Number of protein chains: 2
Amino acid sequence: MAERARTYHHGDLRASLVEEAAAMISEGGAASVTMRAIGSRLGVSRGAPYRHFPDKTALLVAVAVAGFKRLNRRLGSGDAGASSSSVERLRRMGEQYVRFALKHPAHYRLMYGKEALARQDQPELRKAAGALLENLIDVIRVHQQRGEIEGGDPRAQAYVAWSAVHGLASLLIEKQIDPNVDVDDLIRQTTQTILDGMRDRSQD
Amino acid sequence: MAERARTYHHGDLRASLVEEAAAMISEGGAASVTMRAIGSRLGVSRGAPYRHFPDKTALLVAVAVAGFKRLNRRLGSGDAGASSSSVERLRRMGEQYVRFALKHPAHYRLMYGKEALARQDQPELRKAAGALLENLIDVIRVHQQRGEIEGGDPRAQAYVAWSAVHGLASLLIEKQIDPNVDVDDLIRQTTQTILDGMRDRSQD
DNA sequence: CGGGGCATGTTGACCTCGTCAACATACAGC
DNA sequence: GCTGTATGTTGACGAGGTCAACATGCCCCG
């Protein structure tokens, strides 16, 4: 983000673009992000962004990457805070994950919406998402060593856990879940079910 | 191409539009679906679709609804085929679900991509997705009665299971999962973990 | 059997948007 | 101060969604 505060014409337009685009996404959804609109909000012309990003997709990818970094930081912080009662730590991560998605629905959607983004493989994005997975794998590995969860391939288990929280976040965001259901309970039950499932492996 | 009924000008353009749009989505993604392109492929003008759908969104919603119905049918059929070894039935449903998503990635994406669709609540879509949930709840209820899974609120359990398979499908579709991982194994492990988790409930 | 009228389809036009090229300008270092 | 490059601006183009005016087919009424 803070590359350098070059006080050029605008003064680090690149960073401002990413920041403003993220804000616009939160306010009006990804569809409201227009080169013209974003330029207008920043007091520059529609063409200005092209001096910093080859096209709109690249800008959106940057926004998505920033989102992953933020999410990562958030999960990490909750994790660092006193390694609580072992498994509780994993459950907390899951909760933090879903809560992040609920707090920034449009942004979250963008992070996982390859469709709207590159056809080309976006290495930056892949790296940011990869970091998320790696962190999760690390935590799982720790718990495996403590014997708190079954000791299979931690990567596979990470995928299962990730699927559960991502799926829940996605369904909630897309309003596929009855609004009368208590979200907190549902989050708890989801993480708990996964943890229970990872402890009791009866076959394969 | 196969169906005709009213031999009006085109002969049931509405159905053709939905069908063709679905085909185009599969071929080139949702972005390739253009009023002009779809009209061209069907031999009508760009304006013709507007006699059957108020706007492009409505057409896409119809496509999404058709997708849900197809998915529902598929899950139901697998379910009806000899109520296999109890829990195996639930696992099969999960597998069928993910497999459907992998077979029709763009279509699946559309089904859950509210962003691209209505700002307004689309009752048809909600109904179709609701049917999916209801079916899942029914199956879960049956297994609860057989004592094969814990007997809490079947709706909540359905959401948990749905989250897991939807999340896995989503991550796979968006290529967030290492291609070296064996997809079949991952699907099996996911459904198995959920089932194990629903059997062994140690706390609330 | 012949119109009338609604259901369908067609076209032209307008607006928004992404993007590129030509042009303008501000900084930085000499 | 002077020049070159990093930035920003504008005009233009093409794609695409959508609407209104217009055209046409089809069914039903008399």
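Sequence lines set the chain letters: A, B, ... in the order given, protein chains first and strands last, and positions in each chain run from 1. From a predicted model like this one, the values you see are computed outputs, not experimental measurements.
Salt-bridge check for R99(A) with D184(A): passed, with a basic side-chain N closer than 4.0 Å to an acidic carboxylate O. One finds no salt bridge joining E124(A) and K69(A) here, because no Lys/Arg side-chain nitrogen approaches an Asp/Glu carboxylate oxygen to under 4.0 Å.
Within the structure, a side-chain polar atom (N or O) of H52(A) is placed less than 4.0 Å from OP1 or OP2 of dG8(D). Close to dG9(C), at under 4.0 Å from its OP1 or OP2, lies no side-chain N or O of S45(B).
Side-chain N/O atoms of R46(A) and base N/O atoms of dT19(C) include a donor-acceptor pair closer than 3.5 Å.
Distance CE (M35(A)) to C1' (dT10(D)): 16 Å, rounded to an integer number of Å. Rounded to whole angstrom, the span from the CZ atom of F53(B) across to the P atom of dT8(C) amounts to 12 Å. Following rounding to the nearest Å, D55(A) (CG) and dG18(C) (C1') show an atom-to-atom distance of 9 Å. One atom, CG of L60(A), and another, C1' of dC17(C), lie 13 Å apart when rounded to the nearest Å.
Along DNA chain D, the nucleotide nearest R36(A) and the nucleotide nearest P49(A) are compared for position; the residue whose nucleotide lies closer to the 5' end is P49(A). Each of A31(B) and G47(B) was matched to the nucleotide of DNA chain D holding its nearest heavy atom; the match closer to the 5' end belongs to A31(B). DNA chain C is contacted by both R51(B) and K56(A); R51(B) maps to the nucleotide lying nearer its 5′ end (nearest heavy atom per residue).
Comparing atom distances between the Y50(B) side chain and each of dG17(D), dT11(C), dG9(C) picks out dG17(D) as nearest.
Side-chain contact between W162(B) and Q176(A) is present, with heavy atoms from C-beta onward closer than 4.5 Å.
For Y159(A) and H166(A), the gap between ring centers reaches or exceeds 6.0 Å.
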